[in-house]
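Note on naming: letters A, B, ... go to the chains in the order of the sequence lines (proteins, then strands), and numbering restarts at 1 for each one.
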Protein chains: 2
Amino acid sequence: MKKEGKKCSDAPTCSVDYAFRRIGGKYKGRILWALHENTILRYGELGRNLADITTKMLTQTLKEMEKDKLINRKVYHQVPPKVEYSLSEIGKELIPFINYLKEWGDKKMGRI
Amino acid sequence: MKKEGKKCSDAPTCSVDYAFRRIGGKYKGRILWALHENTILRYGELGRNLADITTKMLTQTLKEMEKDKLINRKVYHQVPPKVEYSLSEIGKELIPFINYLKEWGDKKMGRI
DNA sequence: CTGTATCCCGGGTGATACTG
DNA sequence: CAGTATCACCCGGGATACAG
């Protein structure tokens, strides 16, 4: 029967929809931006950079972005553990656009 | 006691956050794009353009976007009623970014 | 035609505790 | 340090009916 639940896993209706699903979310934009400004950040550094994020959301969001090939994840097998995150080539493609959005936000925040 | 619920009405943490709250959501990007391609659309035309949206979400989203000054709303007082929506100047500022995102989505959709 | 008004559900998100 | 695990909550969003 399947019943076709209207989940977000349904096929995107168009490329704008598709793109928004990959960078939408509550934190993805800010993570992309943080990695753009710092090149490489460790898990904890990212957490401090976002300030209001929980470990659950940070982990979850990073996993999604890694699966979508937006970021790279490099693990150092040592004690204590160390994991570095950085932008992938695909992730870098999104920076001009995040940058545009940031400047737009800066302008509008001032005058509203 | 207030208890400070962590609602989305909290102040944005940065300009990227600020911008994402205005164009995030499930339909805003597609509405901006539809209005960019068609210049002016009526309520029903927008609904057909989105295809899977309900009247509730369409109305709600349009109201938010109007409040945020992203779109213009022009009412014709006649029977039957007629309402036209179009991009505001601020809304038009976002088109390059939506456009960039759309092209990115087009490319990625093909190769995944 | 252009919306309003309800009801309701799922899951996205938060808080907290715990592990290797 | 870098995550998992669990519980609980809220609200984004869907379905449906109705109104001006």
Side-chain angles (χ1 to χ4, degrees), chain A residues 2-10 12-13 17 20-31 34-35 40-67 71-86, chain B residues 2-10 12-13 17 20-31 34-35 40-67 71-86:
Chain A
K2 291 294 292 178
K3 192 57 179 51
E4 285 308 329
K6 304 299 168 34
K7 329 191 74 170
C8 74
S9 54
D10 289 350
T13 60
D17 190 24
F20 262 77
R21 294 198 196 178
R22 260 138 205 85
I23 62 144
K26 193 169 180 179
Y27 301 105
K28 291 186 181 178
R30 282 193 274 164
I31 288 178
L35 289 177
I40 293 180
L41 284 176
R42 299 179 57 173
Y43 182 87
E45 292 172 330
L46 265 172
R48 263 166 265 125
N49 206 295
L50 279 282
D52 59 335
I53 198 173
T54 60
T55 61
K56 177 188 170 183
M57 286 315 296
L58 181 54
T59 301
Q60 181 177 310
T61 306
L62 288 172
K63 274 184 178 165
E64 287 177 20
M65 295 174 71
E66 190 194 357
K67 188 154 60 69
I71 59 176
N72 300 312
R73 180 171 183 271
K74 178 165 187 181
V75 182
Y76 294 83
H77 292 286
Q78 59 186 43
V79 180
K82 175 180 172 183
V83 181
E84 290 179 344
Y85 293 91
S86 57
Chain B
K2 295 292 291 176
K3 194 56 180 48
E4 286 308 330
K6 306 295 167 36
K7 328 192 74 171
C8 76
S9 54
D10 290 349
T13 60
D17 190 26
F20 264 77
R21 294 199 196 179
R22 260 138 207 84
I23 61 146
K26 192 170 179 178
Y27 300 106
K28 291 185 181 177
R30 282 193 274 165
I31 288 178
L35 288 176
I40 292 181
L41 284 175
R42 299 179 59 174
Y43 181 86
E45 291 173 331
L46 265 172
R48 262 165 266 124
N49 206 295
L50 277 285
D52 59 335
I53 198 172
T54 60
T55 61
K56 177 189 171 184
M57 286 315 296
L58 182 54
T59 302
Q60 179 178 309
T61 307
L62 288 171
K63 275 185 178 164
E64 288 177 19
M65 294 174 73
E66 190 194 357
K67 188 154 61 66
I71 58 176
N72 300 311
R73 180 171 183 270
K74 178 166 187 180
V75 182
Y76 294 83
H77 292 286
Q78 60 185 43
V79 180
K82 175 179 172 184
V83 181
E84 290 179 344
Y85 294 91
S86 58

Interatomic distance where CD belongs to B:E45 and P belongs to C:dG3 [whole Å]: 13 Å
Distance test, side-chain N/O of A:Y27 to OP1/OP2 of C:dG14, below 4.0 Å: yes
d(CD, A:Q60; P, C:dG14) in whole Å: 10 Å
Rounded to 10 degrees, the angle between the two terminal axes of the helix from C:dC1-D:dG20 to C:dG20-D:dC1, each from five pairs: 50°
Beyond-backbone contact of B:L62 with B:Y43, side-chain heavy atoms, under 4.5 angstrom: yes
Length of the CZ-P vector between A:R48 and D:dG3, whole Å: 13 Å
Candidates D:dG3, D:dG14, D:dC1 - which lies nearest the side chain of B:M57: D:dG14
Atom-pair distance (OH on A:Y76; P on D:dG3), nearest Å: 13 Å
Short side-chain N/O contact from B:K74 to OP1 or OP2 of C:dT2, under 4.0 Å: no
Heavy-atom side-chain proximity of B:D52 to B:R30 below 4.5 angstrom: yes
Under-4.0 Å side-chain N/O to phosphate OP1/OP2 contact, A:Y85 with D:dC1: no
N or O in side chain of A:K26 less than 4.0 angstrom from C:dG14 OP1/OP2: yes
Atom-to-atom span, CD1 of A:I53 to C1' of C:dG14 - whole angstrom: 11 Å
Minimum-distance nucleotide (side-chain atoms of B:K56 versus C:dG14, C:dA5, C:dG20): C:dA5
Distance in angstrom units between B:H77 NE2 and C:dC1 P, rounded: 19 Å
Residue-phosphate contact under 4.0 Å: A:R42 side-chain N/O, D:dA2 OP1/OP2: yes
Given D:dG14, D:dT4, D:dG20, the nucleotide with the shortest approach to the side chain of B:P81: D:dG20
Contact summary for B:A34 and B:L41, nearest pair of heavy atoms: O-CD1, 3.8 Å
Distance, nearest 0.5 Å, that separates CD1 of A:I53 from CD1 of A:I31: 5.0 Å
Side chain to side chain donor-acceptor pair (under 3.5 Å), paired with B:Y85, selected from B:R73, B:E66, B:E45: B:R73
Given D:dT4, D:dG14, C:dG3, the nucleotide with the shortest approach to the side chain of B:T54: D:dG14
OP1 or OP2 of C:dG3 under 4.0 Å from side-chain N/O of B:R73: yes
Between C1' of C:dG12 and CZ of A:F20, the distance in whole Å: 18 Å
